[in-house]
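Atoms within each ligand, like the ligands themselves, are counted from 1 in listed order. Quick caveat, the model's predicted, so the values are computed rather than measured.
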Amino acid sequence: MKNTIEQLVIIGSGPAGYTAAIYAGRAQLQPIVFEGFAAGGLPGGQLMTTTEVENYPGFAEGIQGPQLMKEMRQQAIRWGAKLVTDDVVKVDFSHRPFSIATDDLEVKTQAVIICTGATARRLHIPGEDKFWNNGISACAICDGTNPLFKDVEIAVVGGGDSAAEEALYLTKYASKVHLLVRSDRLRASKIMQQRVLNHAKIQVHWQALPIEANGDDVLQSVKIQSQAAGTITELKVGGLFYAIGHTPNTQLFQDSLDLDDKGYIKTIGKSTATNIAGVWAAGDVQDHIYRQAITAAGTGCMAALEAERWLAEIH
Ligand code: NDP
């Protein structure tokens with residue numbers, strides 16, 4: 001690999017990365033995919049830490065997140081993607097061929113698709129690891145229909161649009177939704193604020209933070225610290241949803257690509273092109289609004305098609 005110039009390198013291995021790899025592989029670009037060590041040592045991105053995925057089209061009965069990623073990975077391999085299970089630690093986009101390096105390997109390439117995703121912020125409270133995916137989640141749309149949350153009280157943490165959206169979504173399943181807001185105001189858009197504040201099933205707790213998650217096998221209650229009252233109370237909830245923002249995984253690209261004020265890679269118009277010709281970005285690393293496996297896969301497909309056309313033009 002060392003002395004040749006590759007056509008296309010894909011960095012990241014969630015739905016965006018593997019979909020880009022499938023399309024690029026079928027276009028005979030023989031992409032190199034740096035899968036990384038995301039999600040605690042496993043390639044595959046955020047879905048590796050999800051259980052049932054019920055909204056990915058084509059799986060009428062749902063599919064386990066890790067199984068879905070395994071299928072995508074196999075499909076990428078089938079079409080000729082070369083997978084490198086290592087973290088990229090350095091990129092050089094200052095001239096072509098671009099350089100992509102891990103601790104052990106440097107690859108030169110004409111084109112790059114970045115699919116490094118975003119990481120849901122966590123609070124790191126006691127009990128969080130134990131109940132993660134077993135009562136605690138960072139995605140109501142992914143996990144809200146789990147029978148664990150049916151007709152029980154649920155808490156959502158956060159005060160932005162995501163928290164408002166998740167709280168409203170969860171009212172369809174939960175008997176009551178407690179919205180825990182750390183300050184005395186919601187940051188969400190006015191319309192979302194009104195919907196939340198006027199909803200009969202949502203109770204807003206101002207200046208409140210979860211400080212401990214408790215239960216036996218599944219989550220049963222959360223300790224809440226009220227900063228206004230200076231009290232600690234136990235809230236009986238079967239679910240705790242974090243909606244306190246995501247951090248895009250763009251540290252590697254801070255000096256080379258245009259990022260927006262939240263650190264997401266800026267893409268041009270309706271394309272996945274970045275400010276550097278020959279570099280595209282797909283999935284959650286450039287999308288803070290939809291953040292779904294299917295939208296990530298969709299933009300991964302777009303990026304591969306755009307890269308294929310661009311490579312054909314420069315040759
Ligand atoms: P935001 O950054 O907008 O909001 C994060 C929220 O979490 C804030 O209320 C913040 O509190 C709170 N928070 C952060 N850290 C902690 C913590 N440690 N403990 C407790 N609370 C915490 O993130 P969102 O994911 O809501 O939104 C990101 C972007 O995506 C926004 O621009 C949003 O408008 C957009 N979006 C748009 C949607 C739409 O248009 N349909 C849907 C979802 C998101 P504080 O306010 O005190 O900082």
In the hydrophobic clustering that connects Ile, Leu, Val, Met, Phe, Trp and Tyr at side-chain heavy-atom distances below 4.5 Å, which members other than Ile232 occupy its cluster, ordered by chain and number?
->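 Members alongside Ile232: Ile211.
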To which of Lys262, His288, Arg187 does the heavy atom nearest atom 30 (O) of ligand 1 belong?
->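 Minimum heavy-atom distance to atom 30 (O) of ligand 1 goes to His288.
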To which of Asp184, Ile125, Ile191, Ile244 does the heavy atom nearest atom 7 (O) of ligand 1 belong?
-> Ile244
Among all protein heavy atoms, pick the one closest to [atom] and tell me residue, atom and distance.
{"atom": "atom 40 (O) of ligand 1", "result": "Ile289 CG2, 4.5 Å"}
{"atom": "atom 47 (O) of ligand 1", "result": "Arg182 NE, 3.0 Å"}
{"atom": "atom 39 (C) of ligand 1", "result": "Glu165 OE2, 4.0 Å"}
{"atom": "atom 23 (O) of ligand 1", "result": "Gly245 CA, 3.9 Å"}
{"atom": "atom 9 (O) of ligand 1", "result": "Gly159 N, 2.9 Å"}
{"atom": "atom 33 (C) of ligand 1", "result": "Asp161 OD2, 3.5 Å"}

Is the shortest distance from a Lys or Arg side-chain nitrogen in Glu106 or Lys108 to a carboxylate oxygen in the other one below 4.0 Å?
->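 Counted as a salt bridge, because a side-chain N and a carboxylate O are separated by less than 4.0 Å.
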Relative to ligand 1, is [X] under 4.0 angstrom through side chain, backbone, both or neither, heavy atoms considered?
{"X": "Ala188", "answer": "neither"}
{"X": "Leu180", "answer": "neither"}
{"X": "Val181", "answer": "neither"}

Given side chains that start at C-beta, do those of Tyr56 and Ile294 come closer than 4.5 Å, heavy atoms only?
->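 Answer yes - side chains close enough.
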Pairwise side-chain contact, Trp206 with Leu186, heavy-atom cut-off 4.5 Å (strictly under) =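 Side chain of Trp206 against side chain of Leu186, heavy atoms only: contact under 4.5 Å found.
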Looking at [X], which atoms of ligand 1 are within less than 4.0 Å of one of its heavy atoms?
{"X": "Leu209", "answer": "19 (N), 20 (C)"}
{"X": "Ser162", "answer": "24 (P), 25 (O), 26 (O), 27 (O), 43 (C), 44 (C)"}
{"X": "Leu123", "answer": "17 (C), 18 (N), 19 (N)"}

For [X] and [Y], does a side-chain donor sit closer than 3.5 Å to a side-chain acceptor?
{"X": "Glu71", "Y": "Gln75", "result": "no"}
{"X": "Asp92", "Y": "Ser94", "result": "yes"}
{"X": "Tyr18", "Y": "Glu35", "result": "yes"}

When Thr272, Val91, Ile265 are each screened for side-chain contact (heavy atoms from CB on, under 4.5 Å) with Ile114, the one that passes is Ile265
Among Phe93, Trp280, Phe253, whose ring-ring contact (aromatic ring centres under 6.0 Å, His included) with Phe98 holds?
->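 Single ring-ring contact (aromatic ring centres under 6.0 Å, His included) partner of Phe98 among Phe93, Trp280, Phe253: Phe93.
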What closest approach, in Å, do Ala213 and Ile136 show between heavy atoms, and which atom pair accounts for it?
-> CB-CD1, 3.8 Å
Under 4.0 angstrom from atom 17 (C) of ligand 1, is there any protein heavy atom?
->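 Yes, because at least one protein heavy atom sits under 4.0 Å from atom 17 (C) of ligand 1.
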Purely on distance, is any nitrogen or oxygen of His246 under 3.5 Å from one on ligand 1?
->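 His246 vs ligand 1: no N/O contact under 3.5 Å.
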